Amino acid sequence: MGSFLSQPLQQIKVPAPPEATNSAESLLRPAPGAPTSPAEAPLFNNCWSCRVLSGAGLIGAGGYVYWVARKPMKLGYPPGPGTITQMVIGISFACWGVVILSDPKGKAFRVD
């Protein structure tokens, strides 16, 4: 038992990178694990549940920001520049959530 900080650190050996014959050759060679073609699927933004969760969260956050800015206006206070800016930001968040929900998987970018 004990905390994580009281235990000794483990030694990790990192392999040396391969030697390149030419500096230009090393710049052109992709890093290991990097996508080499646009046909490979990205790791993020590719599941429906992730899109629903993030899109609904942004719509909810935008609605809340808009609602908080609108509340003093319902009490009769005139809107100032800060209130208008807050309403625009809330609408922008909600629109961003709609875009995330409506954009089908893999259709966001054109591959020619």
Side-chain angles (χ1 to χ4, degrees):
M1 303 257 304
S3 70
F4 177 72
L5 296 175
S6 66
Q7 298 183 8
L9 297 175
Q10 296 177 356
Q11 295 287 332
I12 299 174
K13 293 186 179 184
V14 178
E19 294 295 325
T21 58
N22 186 341
S23 63
E25 180 182 324
S26 65
L27 292 175
L28 295 176
R29 185 176 42 214
T36 56
S37 68
E40 293 183 19
L43 294 175
F44 301 108
N45 297 332
N46 60 358
C47 66
W48 177 245
S49 61
C50 299
R51 296 171 66 81
V52 168
L53 183 65
S54 60
L58 281 169
I59 290 172
Y64 177 75
V65 170
Y66 181 82
W67 175 70
V68 168
R70 182 113 167 104
K71 195 167 25 171
M73 291 174 58
K74 288 184 178 181
L75 297 174
Y77 294 109
T83 305
I84 304 285
T85 303
Q86 190 174 359
M87 291 172 70
V88 167
I89 290 172
I91 292 170
S92 300
F93 279 166
C95 290
W96 188 13
V98 169
V99 167
I100 287 176
L101 281 174
S102 65
D103 191 19
K105 176 182 116 178
K107 303 289 184 185
F109 303 102
R110 285 177 40 183
V111 178
D112 293 327

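Computed from a predicted model, the values in this text were never measured in an experiment.
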Nearest-0.5 Å distance that lies between atom OG in S54 and atom CD1 in I59: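 The OG atom of S54 sits 9.5 Å away from the CD1 atom of I59.
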Taking atom CE of M73 and atom CD1 of I84, what is their separation to the nearest 0.5 Å?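 Reported to 0.5 Å precision, the distance equals 6.0 Å.
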Spell out, yes or no, whether I89 and I100 are grouped together once hydrophobic residues are joined by side-chain heavy atoms under 4.5 Å, including indirect joins.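 Result: yes, single cluster for both.
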Connected via hydrophobic side-chain network under 4.5 Å: L101 and V98: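 Per the 4.5 Å side-chain linkage, L101 and V98 are co-clustered.
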What is the minimum heavy-atom distance between T85 and P81, and which atoms define it?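 So the two residues come closest at OG1-O, 2.7 Å.
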